[in-house]
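To keep things clear, I will list the structure first and then write my remarks on it.
Whatever order the structure lists them in is the order used to number ligands and atoms, beginning at 1. Note that the structure is predicted; figures quoted are calculated from it, not measured.
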Amino acid sequence: MGSPIIDEANRIAAEFVYSPEDVNRGVEAFLGQMKDGLGNEGATLSQIPTYVTAVPDGTEKGMYLAVDLGGTNFRVCSIKLRGDSTFTIRQSKVAIPQELMVTKSGKELFSFLAAQIESFLETNLSEQFESHVEKRRKASPKVPYQEEEIFDLGFTFSFPVNQHGINQGYLIRWTKGFDIAEVVGQDVCKFLQDAIDERHLPVRVAALVNDTVGTLMARSYSSPGASKTLIGAIFGTGTNGAYVEKLDRITKLQSIQGVEYDKSTGEMVVNSEWGSFDNEMSVLPDTKYDSDLDIDSVNPGIQMFEKRVSGMFLGEILRRAIMSMVKNPSVKLFGAPATIPTDSGLYETWGIDTSFLSIVKADESDDLQATKQQLKKELNIDNPSIDDCRAAKILVHAIGKRAARLAAVALGAMVISSGKLATDPVIDIGVDGSLIEFYPEFEAHIREAFCEIPEIGPEGEKKITIGIAKDGSGVGAALGALVARQNVAGSK
Ligand code: ADP
Ligand code: MG
């Protein structure tokens, strides 16, 4: 006799099945939207030119600062590139206070960021920094720092911006739960530089780098061998990807005036902003858990791909699926409602973190002990039955697998579009983000879907290498700052 709990979990899981046909329809749509974005402003895929026209080969050298404003955390680091594919990094990380993410004043957020940079300099680069502070105190604060006293900083900013050169970028829209209207349409480098200058720090914002571009550059710098990386992709709070495109295919560049860049490589890194792939919902899967989540989000109808794929949302999709089982009187998951404390995260929007999925997915024990513990820890649920735990695992698996197969749609389309499967022995993809790093088998699910795409297939899938770009945002931003300084030096 089947258990009503397991039956219902399986029924819901079936709603999340994303078939091989779905994958292929997705790839076709993605290819179309890629092309559209290369030709037109305001397309669904923004396909933003980054003006980065070369990717590193590992010989780059120098000492840089980098900061990363990406979603959940703000990171500050110093990076020494050794020129042999290796680097040393020091970093600090702080969670971004919720009240600074949704506020009226952009200055509040950026002052907070500058304060973190100052304390990083004091803690980690105290010798250099103190001599700076000393000089500033002796001289008038108005006396500018000498060129050689200034730290060049790469700014990893993982939101869509219109880039007007390497250290100038105008915010198109916030994503991932941020909402500060004042900053939209403004140059985020100037916001950061102004906050830095207010504290008289010897720091110059030299380059603005999307985290996907940073990941691509960092992976290309670090990966062994001569082959360069094709794609940088993020699966963290949000999801997005950047890739190396042929210049002559970025047809909208012809209508952009007044930006100088090096055309000699014939290539440019393009930031796709794939989080908004198919906002029109022509091919994306849609369950009632997805659509309810969207309605309750700060940006309904936008970032529809991201809302099915990234860390910010998977926990919440799961919560909604679990809630429907809790509310269902013929199922009574967790013996609901009596056994669920009213203050359980289950009753709160965003009450389940996506790390919960990784823990449950990784639990292969017969008695699902880890799942049980996590239900207690995360949701304050006492003594769930084994079927309760199994049901949670069934839902987790379904939601995680769909996310990975959707990721394969975006990555697969970029690989196919490059045409490199026919010519190159290896196609390299750099990735970053907690979801791909910690959710078990995320990459395996992606690879399985690659094999189901005829233009890739099992043969092509074997040529594709996927590697985490460790500390990608820091190293990538450092490489961005380096490229920017080379451009300045070159134009002198
Ligand atoms: P950011 O996006 O700020 O650069 P991360 O790459 O660490 O940071 O992504 C944070 C997101 O990943 C959050 O949405 C969080 O819920 C999710 N997350 C954190 N830990 C895990 C984990 N172990 N497994 C899956 N997702 C996780
Ligand atoms: Mg990140």
Query raised in the report: Once the angle between the rings of F157 and F159 is folded into 0 to 90°, is it parallel (under 30°), tilted (30 to 60°) or perpendicular (over 60°)?
Result: tilted
Report summary line: Looking only at protein heavy atoms, what sits closest to atom 7 (O) of ligand 1 is S434 OG, 2.5 Å
Report task. Starting from atom 3 (O) of ligand 1, locate the nearest protein heavy atom and write down its residue, its atom name and how far away it is, to 0.1 Å. Result -> T72 N, 3.0 Å
Query raised in the report: Using the ring of each side chain (for Trp, its six-membered ring), is H164 parallel, tilted or perpendicular to Y170, with breaks at 30° and 60°?
Result: tilted
Query - Lys/Arg N to Asp/Glu carboxylate O, K307 vs D294, below 4.0 Å - result: yes
Requested in this report: For N73, counting its heavy atoms only, list the atoms of ligand 1 lying under 4.0 Å from any of them.
Outcome: 3 (O)
Query raised in the report: Would L357 count as a contact of ligand 1 if the rule is a heavy atom under 4.0 Å away?
Result: no
Report summary line: The ring pair (Phe, Tyr, Trp, His ring centres under 6.0 Å) partners of Y18 (sequence neighbours excluded) come to none
Query raised in the report: Of all the non-hydrogen atoms in the protein, which one sits nearest to atom 24 (N) of ligand 1, and at what distance?
Result: S358 OG, 2.5 Å
Requested in this report: List every atom of ligand 1 that sits less than 4.0 Å from any heavy atom of T354, numbering the atoms from 1 in the order shown and giving each element.
Outcome: 16 (O), 25 (C), 26 (N)
Query - Sole residue of R308, K288, R320, R319 in side chain to side chain contact (heavy atoms under 4.5 Å, CB included) with L293 - result: R320
Requested in this report: With sequence neighbours excluded, tell me which residues meet salt bridge (Lys or Arg N to Asp or Glu O under 4.0 Å) with K107.
Outcome: E198
Report task. Look at atom 9 (O) of ligand 1 and say which protein heavy atom is nearest, naming residue and atom and giving the distance to 0.1 Å. Result -> T237 N, 3.2 Å
Query - Sub-4.0 Å atoms of ligand 1 with respect to non-hydrogen atoms of M312 - result: 14 (O)
